Amino acid sequence: QVQLVESGGGLAQGGGSLRLSCLLSGITFPLCAVGWFRQAPNKEREFVAVISGSGRERDYAESVKGRFTISRDIAKNTVYLQLSSLKPDDTAVYYCAAELHGTLTAVPRTGYDFWGQGTEVTVSS
């Protein structure tokens, strides 16, 4: 059974940092890309970051480039999103997702197959 579970959300000050975790079950890293998305109040879900199945390709939304970093720990079957230099506009529910039908090097922004339940990030000014 495929399952993704996010954790690590919480309250941060502007300029602060958080590390979000996405624990994957029933998924093999070489067979999937893993992305992070977020949804702010009264807004649609938006792409944040993705790491390819190979682990060598990454892509970020322009709004977070230079501030967020996506990585993975193969032994723990976990993908991380390091959020730094946080802004109030980063406040949102953050979701991780797995895409199982792309290429080894794909960094998709759409077409994900499985989603986690989300973890809430709140950034104060």
Side-chain angles (χ1 to χ4, degrees):
Q1 184 177 6
V2 176
Q3 187 174 24
L4 294 81
V5 179
E6 302 97 331
S7 61
L11 177 65
Q13 301 288 340
S17 299
L18 288 171
R19 189 180 73 164
L20 309 183
S21 299
C22 177
L23 177 63
L24 283 63
S25 299
I27 306 172
T28 302
F29 276 127
L31 301 179
C32 70
V34 177
W36 284 95
F37 298 78
R38 67 187 182 185
Q39 187 167 19
N42 278 1
K43 294 185 178 180
E44 294 187 356
R45 184 186 65 195
E46 65 174 344
F47 167 81
V48 176
V50 56
I51 186 166
S52 70
S54 76
R56 294 188 289 272
E57 293 77 28
R58 296 167 173 84
D59 193 25
Y60 299 91
E62 286 295 325
S63 60
V64 306
K65 282 185 177 178
R67 300 190 299 119
F68 293 5
T69 302
I70 190 168
S71 63
R72 73 183 192 183
D73 185 325
I74 296 176
K76 295 182 178 179
N77 211 36
T78 299
V79 173
Y80 302 100
L81 185 68
Q82 178 68 42
L83 291 67
S84 300
S85 301
L86 283 164
K87 306 173 181 179
D89 284 349
D90 295 319
T91 295
V93 177
Y94 284 71
Y95 301 88
C96 65
E99 196 278 317
L100 303 181
H101 304 105
T103 66
L104 186 66
T105 59
V107 284
R109 298 191 176 203
T110 60
Y112 284 76
D113 302 293
F114 300 97
W115 295 81
Q117 83 291 343
T119 185
E120 187 171 354
V121 171
T122 301
V123 184
S124 62
S125 60

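All values derive from a computational prediction rather than experimental measurement.
Q3 and S25 share no donor-acceptor pair across their side chains, judged by distance under 3.5 Å alone.
For NZ of K43, the number of neighbouring non-hydrogen atoms (other residues, nucleotides, ligands) closer than 6.0 Å is 12 at most.
Both L4 and L20 are assigned to one and the same hydrophobic cluster, defined by single-linkage of ILVMFWY side chains at heavy-atom distances under 4.5 Å. Under the 4.5 Å side-chain heavy-atom criterion for Ile, Leu, Val, Met, Phe, Trp and Tyr, Y95 and V64 are members of distinct hydrophobic clusters. V48 and L18 fall within a single hydrophobic cluster, where Ile, Leu, Val, Met, Phe, Trp and Tyr are joined by side-chain heavy atoms under 4.5 Å apart, directly or via other members. Taking hydrophobic clusters as Ile, Leu, Val, Met, Phe, Trp and Tyr residues chained together by side-chain heavy-atom distances below 4.5 Å, Y94 shares a cluster with F114.
Under the 3.5 Å distance criterion, the side-chain polar atoms of R109 are left unmatched by any main-chain donor or acceptor of G35. Judged by distance alone, the side chain of T91 and the main-chain N or O of V123 form a donor-acceptor pair under 3.5 Å. For Q117 (side chain) and E6 (main-chain N/O), a donor-acceptor pair under 3.5 Å exists by modelled atom type. Counting only distance, with no hydrogens or angles, the side chain of R19 and the backbone of Y80 share no donor-acceptor pair below 3.5 Å. Side chain of N77 to backbone of L24: a donor-acceptor contact under 3.5 angstrom is found.
If you take OG on S125 and NZ on K87, they are separated by 14.0 Å, rounding to the nearest 0.5 Å. Between atom OG1 of residue T122 and atom CG of residue L11 there is a gap of 6.0 Å, rounded to the nearest 0.5 Å. The structure places CZ of R72 at 13.0 Å from SG of C22, a figure rounded to the nearest 0.5 Å. The CD1 atom of I51 sits 13.0 Å away from atom SG of C96, with the distance rounded to the nearest 0.5 Å.
Shown here for S71 and R58, the closest heavy-atom pair between the two residues is CA-NH2, 4.5 Å. Nearest heavy-atom pair across A106 and S52 is O-CB, 3.3 Å. Shortest non-hydrogen contact noted between E57 and S54 is OE1-OG, 2.6 Å. Smallest separation of non-hydrogen atoms from T119 and G9: OG1-N, 3.1 Å. W36 approaches S21 most closely through the heavy-atom pair CH2-O, 3.7 Å. Contact between S17 and S85 at its shortest, heavy atoms only, is OG-N, 4.4 Å.
Side-chain atoms of L83 and R67, non-hydrogen and from C-beta on, never get closer than 4.5 Å to each other. Between V79 and L81, the closest side-chain pair of non-hydrogen atoms is not below 4.5 Å. Two residues are said to be in side-chain contact when any heavy atoms from C-beta on lie closer than 4.5 Å; Y112 and V50 meet this criterion. Taking 4.5 Å as the limit, some side-chain heavy atom of R38 sits within range of a side-chain heavy atom of D90. At least one side-chain heavy atom of C32 sits less than 4.5 Å from a side-chain heavy atom of L100.
Residue pairs satisfying the ring-ring contact (aromatic ring centres under 6.0 Å, His included) criterion with at least one member in residues 38-74, sequence neighbours excluded, are listed as follows: F37-F47.
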